[in-house]
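Before any comments, here is the structure.
Side chains included, hydrogens not; waters and symmetry mates left out as well; all remaining heavy atoms used. Just follow the structure's listing: the first ligand is 1, and inside any ligand the first atom is 1.
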Amino acid sequence: MSDFPVFPPGFVFGAATASYQIEGAVREDGRGPSIWDTYSHTPGRTDGGDTGDVACDHYHRYPEDVALLRDLGVDSYRFSIAWSRIQAEGSGAVNPKGLDFYSRLVDSLLEAGIEPAATLYHWDLPQALEDRGGWRVRETAERFGEYTAIMAEHLGDRVPRWITLNEPWCSAFLGYSVGRHAPGAQEGRGALAAAHHLLVGHGHAMDALRAAGVREAGITLNLDRNVPATESDADLAAVVRADTQHNLVWTEPLLAGRYPATEEETWGELITGQDFRREGDLKLISQPMDFLGINYYRPIVIAAAPHREADPALRVATDNRYAEGNYPDVRKTAMNWPVVPESFTDLLTVLKQTYGDALPPVHITENGSAEYDSMDADGSVHDADRVEYLRTHLAALRAAMDAGVDVRGYYVWSLLDNFEWALGYAKRFGIIRVDYDTLERTPKDSYRWYQQLIAAHRA
Ligand code: IFM
């Protein structure tokens, strides 16, 4: 099929989900509350008051979802583990029923010939840990290392690929600065402390995964391609700050063992006055990884917005104005995100130019689009926009590989329509439609397209 971008033999094709977005069963089998239970049940926090209480009911329907994955033909399935199913309060006693759920999921994936890829933390922090300070405090990083050791001991022999954290930018900055994610805090320094403790937690988790001898361990970042709105000095300076706030805060400690050189000009006294860093942290954080996971969706146009600099809470996350409307001629997804596949190529090639051999092999751990899907009278879902998004982004990924970036795999986001955090169920990212009344699954055209791409790749 000439329409399909061609990938090298051994390239991993996968699909991804996350626990709180699909599992439901939030009060079953000893699962403790997480910060997303609290947040979504707080009036006004999520669109339509949506919660993850039922979600896709994957907790009960996982055999059906594994069968859909098998028919899709993916090599690998990326899921996340809900920490509070394993330790209801984030520390102490281990809940055998929680372990058993993920053990059964992993076994059924292996039986279907699919490699499990487990994310240890996709934002659903046990509420009990948040009550003790959450990611603002170092203790949470230490507990995260202990929880990782439990999971690696139980599943390390069967799960070859482990991701410590998913998109720590969202945990730290949407969670503790912008307040649009759980726990909904709006702080300046607290968010910077959270960012640092997430990195320390990653380091402890890497130690635990190494001790258990797992095959591959890494982290997933949502790096941004920040494009200046104009060539003015103010907008160019805003891009430097945006790069620091979104990218360098992670990539510099992880890949270069240092803090960003631009952190003082970005955060001023909020970072110079900090006391949460300790000697030895950078060594722990920067230990070698087997891969770097990257989630990519869209570029961001950045313009200076001095009025936001006055607010310390916003200043740590983004003191710039996101001028996403500045792509007047490109299609926008249902998230109002501009569709610019070339910027995916640029993000990856610039990363390679910046870090050279220090950049480990890359897995694209998420890429996909929310669209205004609807089901036809005959029960089909013709999501042509999503197919086009996937096709052009896979071609852009291939272009980055041709330019020398070592990319080993690609996971579509998402297998299922699911709970899109503060935006609830209205945004549909799935290649499989979920009817939220009946919980029936219906593969969309994009599922068939991806299935054919994988079959063509194998052939
Ligand atoms: O749904 C999210 C996912 O949980 C993390 N990455 C981005 C996706 C789309 O917003």
Side-chain angles (χ1 to χ4, degrees), residues 14-24 34-37 39-40 45-47 50-52 55-56 58 77-83 117-125 163-175 178 180-182 198 218-225 246-247 250 292-300 317-318 322 324 332-339 343-344 347 362-373 383 385-386 389-390 393 410-434 436 446:
T17 62
S19 47
Y20 191 72
Q21 293 182 273
I22 65 165
E23 285 180 0
S34 81
I35 55 174
W36 269 98
D37 295 290
Y39 187 83
S40 66
R45 287 300 205 181
T46 64
D47 288 3
D50 289 349
T51 73
C56 307
H58 170 80
Y77 171 56
R78 174 182 176 228
F79 62 96
S80 81
I81 298 166
W83 185 348
T119 305
L120 287 151
Y121 185 74
H122 198 123
W123 309 349
D124 39 0
L125 186 72
I163 295 161
T164 56
L165 304 174
N166 178 72
E167 301 185 1
W169 185 85
C170 297
S171 304
F173 294 127
L174 290 182
V178 181
R180 214 23 202 145
H181 271 195
L198 281 152
I219 192 171
T220 280
L221 303 176
N222 54 327
L223 300 177
D224 269 345
R225 178 84 189 129
H246 289 261
N247 301 339
W250 314 111
L292 175 66
I294 294 179
N295 295 350
Y296 173 84
Y297 290 91
R298 47 86 173 103
I300 296 189
T318 169
Y322 287 174
E324 294 184 42
K332 311 291 187 307
T333 69
M335 299 287 279
N336 199 28
W337 290 348
V339 180
S343 88
F344 189 16
L347 176 85
V362 168
H363 276 277
I364 303 306
T365 39
E366 288 180 26
N367 175 243
S369 68
E371 304 292 353
Y372 297 104
D373 300 334
D383 56 339
D385 285 339
R386 182 175 291 104
Y389 181 98
L390 296 178
H393 282 76
Y410 174 92
Y411 292 79
V412 70
W413 184 269
S414 178
L415 179 70
L416 302 169
D417 288 341
N418 59 49
F419 176 76
E420 178 55 20
W421 307 110
L423 300 177
Y425 293 100
K427 304 293 179 206
R428 292 178 177 271
F429 272 93
I431 58 173
I432 296 173
R433 183 177 177 87
V434 175
Y436 293 116
S446 53

Side chains of [X] and [Y], donor plus acceptor under 3.5 Å:
{"X": "Tyr121", "Y": "Ser171", "answer": "no"}
{"X": "Thr119", "Y": "Arg78", "answer": "yes"}
{"X": "Ser40", "Y": "Tyr20", "answer": "yes"}
{"X": "Tyr389", "Y": "Glu371", "answer": "no"}

Result of checking Tyr425, Trp123, Tyr39 against Phe419 for ring pair (Phe, Tyr, Trp, His ring centres under 6.0 Å): Tyr425
Can you give me a line-by-line list of nitrogen or oxygen pairs between ligand 1 and the protein shorter than 3.5 Å?
unit_1, atom_1, unit_2, atom_2, d
ligand 1, 1 (O), Gln21, NE2, 3.0
ligand 1, 1 (O), Trp413, NE1, 3.3
ligand 1, 1 (O), Glu420, OE1, 2.6
ligand 1, 4 (O), Gln21, OE1, 2.8
ligand 1, 4 (O), His122, NE2, 2.8
ligand 1, 4 (O), Trp421, NE1, 2.8
ligand 1, 6 (N), Glu167, OE1, 3.3
ligand 1, 6 (N), Glu167, OE2, 2.7
ligand 1, 6 (N), Glu366, OE1, 2.5
ligand 1, 10 (O), Glu420, OE2, 2.5

Rounded distance [0.5 Å steps], OG in Ser19 versus CG in Leu120: 10.5 Å
